[in-house]
Each structure stands twice: as structure tokens, then as C-alpha cells.
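Step one of this worksheet: look at the structure below.
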Amino acid sequence: MTKQIQIDKELFDDLIDYFWSKDFPGGWLADEIRRKLNSKLDKMLARELFSQYKRSPTGEEREQARKAYLDHKGISLSFRTDREWHDEIAPD
């Protein structure tokens with residue numbers, strides 16, 4: 001297991017800007033850095049969506065945030081809770 005450190009969001013944003021600029025460096029190491037930055041961005045987005053789900057004040061907002069989180073994670077409708085599945089396909 002590798003050690004992990006925390007960096008300021010400002011530095012993280014600067015790294016993103018640098019590695020996605022039109023003058024970005026090339027090579028295997030730069031590609032590996034981009035891959036890891038993409039992974040971190042994905043994790044940050046998932047965490048934000050999950051936090052919105054847990055902290056939303058109304059049931060409707062919680063449900064929307066929950067669906068956004070599950071969509072982001074790629075969870076199929078058939079693997080979601082019965083309530084959500086039946087709500088989306090309920091016959092008229």
C-alpha cells in the first residue's frame with residue numbers, strides 16, 4: 001500500500017489545469033498522472049453526490065441526489081431498491 005498525502009484544493013486545481021492544458025507534457029509518466037487525476041476527480045464527484053444525498057433537506061431532493069449518485073456509479077436499475085425500481089416502471 002502506498003502512502004497518501006493531502007494537498008490543498010488550489011494545488012490540485014493547478015495540477016488539473018496543467019495536465020489538461022494544450023501544452024501538457026507527454027510520455028508515460030504524464031499519462032499515468034492524468035489517469036490518477038481522473039480517478040481522483042471521479043472519487044471527488046461521487047463523494048459530493050453522496051453527501052448531497054445524505055444532507056438534502058427534503059425527500060424529493062434526497063431521491064434526486066440518490067439517483068444521481070447511483071447513475072454516476074453505474075448501478076443498473078435492476079440492482080437498485082424495489083421502491084425506486086417500481087416507481088420508475090409502475091404501470092398507469
Side-chain angles (χ1 to χ4, degrees):
M1 183 173 188
T2 60
K3 284 190 172 186
Q4 296 184 6
I5 61 169
Q6 292 183 349
I7 61 172
D8 292 332
K9 183 169 183 340
E10 185 176 304
L11 174 58
F12 183 75
D13 292 340
D14 290 344
L15 286 168
I16 294 292
D17 290 342
Y18 178 73
F19 279 95
W20 272 272
S21 72
K22 57 184 169 186
D23 299 324
F24 66 89
W28 178 84
L29 185 56
D31 292 340
E32 183 68 12
I33 291 170
R34 272 191 221 73
R35 185 187 66 75
K36 289 179 180 180
L37 288 172
N38 271 331
S39 174
K40 181 61 176 176
L41 284 171
D42 185 59
K43 290 175 184 177
M44 289 170 60
L45 177 59
R47 181 65 186 161
E48 179 62 29
L49 291 171
F50 185 78
S51 293
Q52 286 175 2
Y53 158 59
K54 290 305 230 179
R55 295 181 180 152
S56 293
T58 66
E60 183 178 319
E61 289 174 348
R62 269 192 304 279
E63 185 63 17
Q64 289 174 348
R66 184 177 72 86
K67 287 179 182 180
Y69 173 76
L70 293 174
D71 289 343
H72 175 75
K73 296 301 273 182
I75 307 297
S76 167
L77 289 177
S78 61
F79 287 103
R80 296 184 186 184
T81 64
D82 287 338
R83 183 178 148 244
E84 178 187 12
W85 176 253
H86 293 299
D87 287 349
E88 290 187 16
I89 62 167
D92 291 308

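One-based numbering along the sequence shown. Just so you know, these numbers come straight off a predicted model, no measurement behind them. Heavy-atom basis, side chains included; hydrogens, waters and symmetry copies ignored.
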Practice task
Compare all side-chain heavy atoms of L49 with those of L45 and state whether any distance is below 4.5 angstrom.
Solution key: yes
Exercise for the section: Measure from the side-chain N and O atoms of R66 to the backbone N and O of Y53, and report whether any donor-acceptor pair falls under 3.5 Å. Expected result: no
Drop me the distance from [X]'s [atom1] to [Y]'s [atom2], to the nearest 0.5 angstrom.
| X | Y | atom1 | atom2 | value |
| --- | --- | --- | --- | --- |
| I33 | I16 | CD1 | CD1 | 11.0 Å |
| L41 | R34 | CG | CZ | 13.0 Å |
| K73 | F50 | NZ | CZ | 10.5 Å |
| Q64 | T58 | CD | OG1 | 7.5 Å |
| S76 | D71 | OG | CG | 10.5 Å |
| I7 | K40 | CD1 | NZ | 8.5 Å |

Handout entry: Pairwise salt bridge (charged side-chain N to carboxylate O under 4.0 Å, His left out) hits with a residue in residues 42-58, at least two apart
Key = none
Practice task
Please collect all side-chain hydrogen bond (donor to acceptor under 3.5 Å, both in side chains) contacts where either partner lies in residues 6-18, sequence neighbours excluded, each pair once.
Solution key: K9-D13
Practice task
Identify the heavy atoms of R62 and S56 that sit nearest to each other, and give their distance.
Solution key: NH1-O, 2.9 Å
Handout entry: Atom CZ of F12 with >12 non-hydrogen neighbours under 6.0 angstrom
Key = yes
